[in-house]
Amino acid sequence: MWKFFRNKENINDTSIISVNMNNIPKHIGIIMDGNGRWAKEKNLPRTMGHKAGVETIRDIVKECSTLGVKYLTLYAFSTENWKRPSQEVNALMNLLVEYLKKELDELHNNNVIINTIGNIKKLPSVCQKELKDAFEKTKNNSGLVLNLALNYGGRDEILRAIKSMYKDLQEGKIIIDNIDDEVFSTYLYTANMPDVDLIIRPSGEQRISNFLLWQSAYAEFWYSDIKWPDFKKEHLHKAIYDYQNRDRRFGGVKHK
Ligand code: IPE
Ligand code: IPE
Ligand code: MG
């Protein structure tokens with residue numbers, strides 16, 4: 001089955017793109033970048049950019065649900081983002097609380113399961129409380145898994161996995177010869193989730209910034225100069241369309 005959308009990646013482009021509903025990426029990751037620059041362009045404080053970015057989250061989560069994406073991982077706060085001025089860090093934490101308070105009912109009604117990756121124990125307790133409520137409320141849903149990457153870093157995740165695997169080795173719960181990709185994956189925050197298929201990064205940057213390092217081994221990347229607050233569902237459609245027109249070989253040979 002195909003769905004047809006207007007192609008708006010380029011503002012002058014009025015062509016129609018077709019999304020194959022039978023080949024929707026199972027797992028999409030988005031590095032939600034460019035909030036600060038979006039605000040700067042408008043002579044607004046950076047925090048206004050973050051506020052505008054939350055509006056985009058609402059629309060994109062909804063569209064991913066509609067399209068039947070199963071996992072959506074949103075990079076919201078990295079292990080390195082603590083380096084930012086404390087005022088900005090606080091504003092981001094407050095926005096998270098506000099988002100959950102405001103959106104939880106609708107997310108729940110849309111059958112979304114809320115999950116996080118990253119060390120959330122380091123977040124302010126008010127954030128942890130809202131997250132706990134969100135996990136509890138949505139845990140029996142069966143729709144999109146909204147995976148919020150909070151205090152997340154790919155290196156931190158891998159180190160944490162190694163430490164906990166080492167402990168299991170010492171305790172004899174696993175044996176070294178049995179450790180393979182699959183076993184290692186079970187020690188990651190994303191245990192039981194498929195690897196990310198498509199990583200979207202708006203804002204013009206073309207780097208991974210410590211996002212899903214292990215899981216992105218064969219992910220397709222999609223970049224755009226558009227800044228996250230201006231990212232619309234049309235950009236998502238275009239990213240999925242481009243994804244569907246690539247040949248994923250996984251190291252094998254071209255089969256098209
Ligand atoms: C992304 O926007 C949001 C977070 C990292 C939390 P930025 O704040 O990084 O925006 P730019 O990159 O400065 O424009
Ligand atoms: C990546 O964006 C982190 C998030 C979007 C949460 P950054 O803005 O922190 O990354 P760099 O500094 O440009 O690499
Ligand atoms: Mg940035």
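Throughout, residue positions are numbered sequentially from 1 according to the sequence presented. One-based numbering, in listed order, for ligands and for the atoms of each. Model, not experiment: these values are computed from the prediction.
- Within ligand 2, counting atoms from 1 as listed, the ones closer than 4.0 Å to a heavy atom of Arg84 are 7 (P), 8 (O), 9 (O).
- Glu157 and Arg160 are not joined by a salt bridge, as no carboxylate oxygen comes within less than 4.0 angstrom of a charged side-chain nitrogen.
- When hydrophobic clusters are built by joining Ile, Leu, Val, Met, Phe, Trp and Tyr residues whose side-chain heavy atoms come closer than 4.5 Å, directly or via intermediates, Val54 is grouped together with Leu144.
- Residue Arg37 has at least one heavy-atom neighbour below 4.0 Å for each of these atoms of ligand 1: 11 (P), 12 (O), 14 (O).
- The distance criterion of under 3.5 Å between nitrogen or oxygen atoms is not met by Leu92 with respect to ligand 1.
- There is no side-chain donor-acceptor pair under 3.5 Å between Asp181 and Trp214.
- Counting heavy atoms closer than 4.0 Å to ligand 2, residue Phe211 contributes nothing at all.
- Tyr166 forms part of no hydrophobic cluster, judged by ILVMFWY side-chain heavy-atom separations under 4.5 Å.
- Contacts between Lys40 and ligand 1 below 4.0 angstrom, taking non-hydrogen atoms only, are absent altogether.
- Residues Val126 make up the rest of the hydrophobic cluster containing Val97, defined by ILVMFWY side-chain heavy atoms closer than 4.5 Å, directly or through other members.
- In this structure, Lys83 has no heavy atom closer than 4.0 Å to ligand 2.
- Within the structure, ligand 1 lacks Ser203 among the residues with a heavy atom less than 4.0 angstrom away.
- In this model, a donor atom of one side chain and an acceptor atom of the other lie less than 3.5 Å apart for Ser78 and Asn81.
- Under 2.8 Å from the Mg ion (ligand 3), one finds the following protein N/O/S atoms: Asp33 OD1.
- By the criterion of a heavy-atom distance under 4.0 Å, neither the backbone nor the side chain of Glu205 is placed next to ligand 1.
- Taking only nitrogen or oxygen atoms, main chain and side chain alike, Arg46 reaches within less than 3.5 Å of ligand 1.
- Taking the side-chain hydrogen bond (donor to acceptor under 3.5 Å, both in side chains) definition, one finds that Lys167 meets it with nothing, sequence neighbours left out.
- Within 6.0 Å of NZ on Lys70 lie more than 12 heavy atoms contributed by other residues, nucleotides or ligands.
- The closest side-chain donor-acceptor pair between His27 and Asp195, if any, does not fall under 3.5 angstrom.
- With a 4.0 Å cut-off on non-hydrogen atoms, Ala76 touches ligand 1 through its backbone and not its side chain.
- Which parts of ligand 2 touch Arg207 is read off a 4.0 Å heavy-atom cut-off, strictly below it: atoms 11 (P), 13 (O), 14 (O).
- A salt bridge links Glu41 with Lys227: the closest approach of a Lys/Arg side-chain nitrogen to an acidic carboxylate oxygen falls below 4.0 angstrom.
- Using a 4.5 Å cut-off on side-chain heavy atoms (C-beta onward), Tyr189 and Asn147 make no contact.
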